[in-house]
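Chain naming here is simple, since letters A, B, ... match the order of the sequence lines and numbering starts at 1 in each.
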Amino acid sequence: MVATALLGALDGARKKGQLKTDAWPALTLDAPKRPEWGDLASTVAMSLASSEQRAPHDIAQIIVENLPRREQLFERVEIVRPGFLNLTVKASLWQEVLKEIESYGTAYGKTDLGRGRRVLVEYVSANPTGPLHVGHGRGAAVGQAVARLLEEVGYDVDSEYYINDAGRQMKLLGASVYARYRELSGQPVEFPEDGYHGAYITAAAERIKQQLGETARNLAPADLEERCRALAYQDLLAQIREDLNLFGIEFKSWFSEASLLESKAVEQVLDELKSRGLLFEQEGAWWFRSSAFGDEKDRVVKKQDGEYTYLASDIAYHRDKLRRGYDLLIDVWGADHHGYIPRMQAVMQAYDHPKERLHVVLVQLVKLLRAGAEVKMSKRTGSFVTMREVIDEVGADAAKFFFLMRDSRSHLDFDLDLAKQRSADNPMYYVQYAHARISSLWRVAAARGMTCPPAAEADLSVLTDPDELGLIRKLSAYPELLQTSASAFEPHRVTYYLQQLAALLHTFYNKHRILPPAVGQEPSEAEPAEELTPKKTAARLVLMRGVQQVIRNGLAVLGISAPEQM
RNA sequence: GCGCCCGUAGCUCAGUUGGAUAGAGCGCCGGGCUUCGAACCCGUAGGUCGCAGGUUCAAUUCCUGCCGGGCGCACCA
């Protein structure tokens with residue numbers, strides 16, 4: 001509304017010949033840092049200064065003169081020093097925000113930035129060769145939040161888990177489990193060199209031994225090893241699903257790498273590339289000409305020994321995603337795979353898509369801290385903290401909140417002791433507490449026979465206190481926050497926003513009363529307190545409901561619950 | 001050597017895509033519950049935004065070069 005007014009002013013000025021430029025710069029309307037600078041500030045005048053060849057202050061003056069409906073929209077319009085345009089919006093406009101939140105409810109914040117374009121977010125996708133560890137947990141939280149964020153801004157979003165159930169790693173899994181199996185049977189074993197050493201391998205072998213029982217006798221060693229591989233795979237995949245389920249993560253689909261090989265999709269894709277002249281043979285291997293699309297060198301897709309590389313199935317997989325008609329592919333990867341991005345984007349281009357069709361969200365390592373010391377992890381030796389352990393220890397909500405507190409590209413220090421603490425120090429409880437506090441308000445109100453009126457029936461014009469307006473301003477910024485977070489694929493901004501909103505709520509709650517004192521209770525004489533009329537109570541209840549709604553919506557984006565009481 | 005990411009308060013990190021006096025939590029110090037939840041609030045102290053140039057009316061933000069840390073640079077996945 002304010003932006004259109006501003007645009008109207010610019011167009012008006014141009015028609016009158018007061019301004020020359022016909023391409024306006026992006027209208028950034030930011031909430032200024034200091035309240036005395038108004039509700040919204042614009043820097044258009046300054047950015048127009050060079051192209052107009054006039055002093056920013058003069059341009060600002062022209063804009064102000066041309067502002068349409070200035071009296072109705074703005075309480076105050078100021079031009080400050082270099083050329084800032086500080087706008088103070090009429091309080092009545094802010095009241096509309098509360099009505100909007102009420103009518104949209106859980107949909108408040110949704111926009112149509114994505115215009116229904118289809119997105120596939122692929123995340124976690126851990127090899128089914130062991131339990132998920134903390135790093136996967138962060139990837140899971142980030143992937144889910146990015147998916148929800150994109151949904152909020154109007155994309156049609158699907159989520160998928162890619163199962164690497166083919167190739168060397170699976171063979172190694174089979175060999176490792178088989179070795180443990182023989183060990184359990186008292187047979188001599190030679191443990192595979194790069195085998196998996198974790199205790200879960202032995203555990204899987206034990207389960208398989210029980211499962212197979214006597215039937216194992218009739219199997220040739222090679223068949224038995226194959227059975228070990230197949231059963232261990234099922235076992236571990238089931239565990240992964242269970243862990244993700246416990247973490248509140250669900251995928252729309254699970255895609256198997258092996259299925260690509262079985263269906264000959266890999267072969268087909270390589271044929272396609274060959275016919276496009278993007279594949280060549282050298283030194284007995286087949287190479288994908290990824291350097292033609294900006295990759296630093298070409299990559300092998302079929303080895304000398306005739307086996308396909310991981311890249312080959314990855315090409316087929318992403319080809320499949322494109323064929324399914326997605327406008328945007330999001331892959332959430334561990335940061336150590338960043339070198340892989342150019343070659344996958346080359347795949348996009350090989351199929352005549354812009355490389356931006358694939359966006360990779362990188363997730364950095366998690367450093368676990370306990371009692372101030374780092375918990376050392378090594379996947380090779382099998383000593384690592386699993387995602388399951390973290391969830392069991394701190395709970396799914398706290399785990400997600402901590403995973404989403406930082407930019408995913410930054411290293412994350414995860415303090416287990418802090419996440420576990422149900423105390424003031426834990427930022428997740430700070431946000432949830434704000435929500436629960438408002439719920440508690442409803443309980444008390446109900447006990448006194450009061451209810452929160454619909455926004456339309458309350459006189460919201462009594463909400464004039466800076467603390468009240470500050471809260472509303474913050475609420476009004478929520479839809480745009482979702483947009484910037486989504487277009488940057490940065491869910492941590494939502495986490496920050498929620499902490500800020502919760503802080504405003506707590507301050508307000510501490511300073512102002514909402515309900516009148518219960519019957520029989522005298523208001524304190526020491527503090528005269530502000531006048532609390534029934535009107536004000538009603539308006540503040542509406543405000544509180546708005547705050548609660550936005551906290552709930554924001555937590556939902558992060559996949560975190562909003563408890564009524566704690 | 002080449003490439004990507006990071007460098008902001010004692011610690012852990014934000015900083016709304018280039019704006020005004022750089023913010024928050026933790027920690028330190030000092031205050032606040034007889035009334036809607038003190039899992040909270042208020043206040044004090046704490047900064048050469050790694051360094052040096054450049055672009056700009058304006059740089060923590062963009063560009064270049066250094067320094068420091070992490071990660072990649074397979075016919076592994």
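When the shell of 6.0 Å around CD of A:Gln282 is examined, it contains more than 12 heavy atoms from other residues, nucleotides or ligands.
Both geometric conditions, a ring-centre gap below 5.5 Å and a plane tilt below 30°, are fulfilled for A:Trp37 over the base of B:A20. Using a 5.5 Å limit on the distance between ring centres and a 30° limit on the angle between planes, the aromatic ring of A:Phe84 counts as stacked on the six-membered base ring of B:A20.
With sequence neighbours excluded, no residue forms a ring pair (Phe, Tyr, Trp, His ring centres under 6.0 Å) with A:His338.
Between A:Phe280 and A:Phe288, the distance from one ring center to the other does not fall under 6.0 angstrom.
Closest to the side chain of A:Asn164, out of B:A77, B:C75, B:C13, is B:A77.
Where A:Glu480 and A:Ser439 meet RNA chain B, the nucleotide closest to each residue was compared, and A:Glu480 sits on the side nearer the 5' end.
Nucleotide B:C28 carries an anti base; the chi torsion (O4'-C1'-N9-C4 or O4'-C1'-N1-C2) is more than 90° from 0. B:U60 takes the anti form, because its glycosidic angle lies more than 90° either side of 0.
Cation-pi geometry between A:Lys274 and A:Trp286 is satisfied (NZ or CZ under 6.0 Å from the ring centre, within 45° of the ring normal).
Between A:Leu505 atom CG and B:C42 atom P there is a gap of 12 Å when expressed in whole angstrom units.
Scanning atom types as modelled, one donor and one acceptor separated by under 3.5 angstrom connect the side chain of A:His338 and the base of B:G3. For A:Asp336 against B:A77, a side-chain-to-base donor-acceptor contact under 3.5 Å is absent.
Between A:His492 and B:G15, a side-chain N or O to OP1/OP2 separation shorter than 4.0 Å is present.
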